[in-house]
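Convention: sequence-line order gives letters A, B, ...; per-chain numbering from 1.
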Amino acid sequence: MTDLLEVVFSATFLITVIRASTPLLFATLGGLISDLGGALNVALEGMMLIAALTAVVVSVYAPWYVGVVAGMGAGAALGAIMALFHLRYKADVILVGFAVNILAAGGTVFALSLATGGDKGTSINLQSKAIPSIDIPAFEGIPVLNFFTGHSALSWLAALSVAGIWYFLYRTPRGMWLRGVGEYPAAPEAAGIGVNAVRAWSLVASGALAGLGGAQLAMFNYIGFTRDMTAGRGFIALGAVLLGARHPVGAMLAALLFGLFEALSIVMPGIFSWIPGELVQTIPFVVTLLALILFSYRTQRAERTLS
Amino acid sequence: MTKLTRRSVAHLMLGTGLATMMTAGVAFAQEYSADNPMTVALVVHGTLGDKSFFDSAAAGLVRAEADLPVDVTVIEAGNDRGRWEPALADAADQGFDVVIAGTWEMNGFMQELSGEFSDTKFIIFDDTPDFSGGAFPNIMALTYRVSTAAYLAGYAAASVSETGKLGEIFGVEGATILEFAVGFEQGARAANPDIEIVRAVAGTFTDPAKGKEIALAMFDQGVDVVFPIAGGTGIGALQAARDEGHLAVGVDSDQAAIFAPTDPEQAAVILTSVEKKIGDSLYTALEMTLAGDAPYGTTQLLGLSEGAVGISMNEQYETLVPEDVRAAITDLEAQIAAGDIAVDSTM
């Protein structure tokens, strides 16, 4: 047990948690924006996957930040496509989202084989670049302060995004439009606000954020692309939106919670070899379930006291 | 179109051949020649280009096509599970003489089809149906005793480890994965009885980020050689070994050779790989089928002595593994092949 505590309170563990949480946090913020706008984005997974491949392939020929921007752009473009089909052609947003996911699963393998010259599993014969980590040598070796060094540049961007999105949603008129459109579209419509335009932009922003998550995954967590490498993170992000009570700060906490349990599931087999691996893997999902039950219980109780 | 006609003519000839040789039975296999090749279909449940399993199978068949009177068609069924059974059924229905597929994921489908297409020969690799009571007389199963090769890799890994701690990363905790693990562990203990071995289960074969995290955590806990048995997840563990300057053991195919042309630093930390020589074993199976002495209706358990598994003795192996250890491994290899060392197995 002391072994576990020692590991958990080490700087390396914290860095692992942040690293595992970052792609998830971007995707969760993406899910949050579109969800608040009233268009549930189930395509986060596919957007991350396509963005990851785009970022990897572009970074072969350009500096790393161009790769990141390309990944973000790919996500945003997919968001725009979703908006086109959902808002202009009136297709169901869930179906459009799943179409993007299916397109991503097969399309990335096809594009990967074109980019690598026949390799359909991994991008190991492409020399893709990595996002640099921000190391602050002065902080190293100093307790507490050493928690702030060694993170990906995008982890800092993710933290800034949380603050930025909070400010946008709760302190700007356009943020209020977005929430209004999701809450009760008839009201902003009566006020002369273009409901469809707001939703379209929310999907584009959602895609761009998911794209950043994909870029972080394929240019920092692992450097390179492999088939289906998002491994369900886009779907976990959808759950994290709800777990985070549809609030940017809540989204961050939810993403960190998943990151924490992912990191725990990684260090635990080394310390408690008698715990079956499958059991450790179920922890994040059990925690989500418990948190959702707790959350809905609290909401119900709040509603009861109101009425 | 011409191909189709040729095939139907071939079938007619086969049909008459079969009728006249009904009693001889075995002899009909010798009907095949360069002008009348045996048609073989490999149904890949996924795509080629995995640099491992399927590429190895396809390479063996390409070699067979060059050397033997066989005509090979590779069918890529894609990553959608729903298309795997139809692809196999189509191949059987198109009248190929031999239909090949692999792993537990195709095993059930093949068992269902084998009754309906009783004239077709089926080969399943890396899994086996239950043949008891004479079931499935037209299926031949090839399974691999990789534990025998993993034993050698474990011996090498434990010999080069400085911390005396090895790590294994599983995609899932299944029989074919554990087959690698039991041999690896037994070999490691043979080299160093006090060796400590940590096991971790990733629960996925497609998450390299997770594989990398697991390997990093293992290195943090004092492990200095990792053995990922986890497909794409394992690729992440190899990258962690490269970044942290530790060693890794590759799996399924010679992974150092795959990385060497584009990422020599990655190749340089892979001390050896435990190889399943799927292609070689399929080549042999087709050869036997042509000769008419292939044991359909049984499971072939192929190990070191059959040359169906082995470890990669490449440039990296010679650099990273000291000469006396290599000599000991060559010795052990001979002893295992001769049956003097009994290697554990989950098969």
Side-chain angles (χ1 to χ4, degrees), chain A residues 3 7 10 12-13 15-17 19-20 22-23 52 102 105-106 108-110 112-113 116-127 130 216-218 220-233 259 262-271 273 276-282, chain B residues 44 46-55 76 78-80 165 167-170 172-173 196-223 231-240 242-243 255 258-259 261-263 266-267:
Chain A
D3 284 355
V7 167
S10 70
T12 355
F13 184 77
I15 288 170
T16 307
V17 172
R19 191 168 45 209
T22 305
I102 293 165
T108 49
V109 172
F110 178 65
L112 179 70
S113 76
T116 58
D119 197 330
K120 293 174 194 161
T122 64
S123 68
I124 53 178
N125 56 13
L126 294 178
Q127 301 278 345
Q216 159 80 9
L217 190 65
F220 192 85
N221 287 45
Y222 170 76
I223 299 147
F225 180 86
T226 69
R227 180 168 72 81
D228 293 336
M229 72 181 295
T230 43
R233 286 178 178 81
E262 164 114 20
L264 267 183
S265 76
I266 281 162
V267 296
M268 274 170 68
I271 300 167
S273 49
E278 291 83 355
L279 202 65
V280 179
Q281 283 160 36
T282 57
Chain B
V44 172
T47 52
L48 291 180
D50 65 343
K51 301 237 165 192
S52 170
F53 230 65
F54 297 139
D55 282 356
E76 292 176 89
N79 293 322
D80 176 1
K165 212 167 168 183
E168 293 170 322
I169 301 170
F170 304 157
V172 295
E173 207 163 350
E196 203 181 322
I197 299 163
V198 187
R199 287 179 171 191
V201 184
T204 160
F205 286 94
T206 63
D207 192 343
K210 185 159 192 186
K212 193 172 175 182
E213 293 295 354
I214 295 175
L216 287 173
M218 283 181 163
F219 294 142
D220 220 39
Q221 289 166 4
V223 166
T233 304
I235 302 274
L238 298 181
Q239 191 171 79
R242 181 193 73 182
D243 293 354
Q255 288 188 303
I258 292 169
F259 281 107
T262 51
D263 193 349
Q266 177 70 78

Problem set entry | Atom group of B:Glu76 that falls short of 4.5 Å from chain A, counting heavy atoms | side chain

For this session: Select one option (side chain, backbone, both, neither) describing which atoms of B:Glu213 are under 4.5 Å from chain A's heavy atoms.
Result: both

For this session: Hey, could you give me the CD/NZ distance between B:Gln239 and B:Lys212, rounded to the nearest 0.5 Å?
Result: 4.0 Å

Exercise. So what's closer than 4.5 Å to chain A heavy atoms on B:Ala240: side chain, backbone, both or neither?
Worked result: neither

For this session: Name all residues meeting the side chain to side chain contact (heavy atoms under 4.5 Å, CB included) criterion together with A:Thr226; count only those two or more places apart in sequence or in a different chain, and write none if there are none.
Result: A:Thr122, A:Tyr222, A:Met229, B:Pro208

Exercise. With only heavy atoms counted, which part of A:Ile223 is less than 4.5 Å from chain B, the side chain, the backbone, both or neither?
Worked result: both

Seminar exercise, completed: Hits for side chain to side chain contact (heavy atoms under 4.5 Å, CB included) against A:Val109, two or more places apart or cross-chain, chain-then-number order -> A:Lys120, A:Arg227, B:Thr47, B:Asn79

Exercise. Pick from B:Gly46, B:Gly222, B:Ala202: which one has the most heavy-atom pairs with chain A under 4.5 Å?
Worked result: B:Ala202

For this session: Could you tell me the separation between the CG atom of B:Leu48 and the CG atom of A:Asp119, rounded to the nearest 0.5 Å?
Result: 11.0 Å

For this session: Check each atom of A:Thr12 against the heavy atoms of chain B and say whether the ones under 4.5 Å are side chain, backbone, both or neither.
Result: side chain

Exercise. Non-hydrogen atoms of chain B under 4.5 Å away: do they reach the side chain of A:Phe13, the backbone, both or neither?
Worked result: neither

Exercise. Between CD1 of B:Ile258 and CG of B:Asp55, what distance do you get to the nearest 0.5 Å?
Worked result: 8.0 Å

Problem set entry | Distance (rounded to the nearest 0.5 Å) between A:Gln216 CD and A:Asn221 CG | 5.0 Å

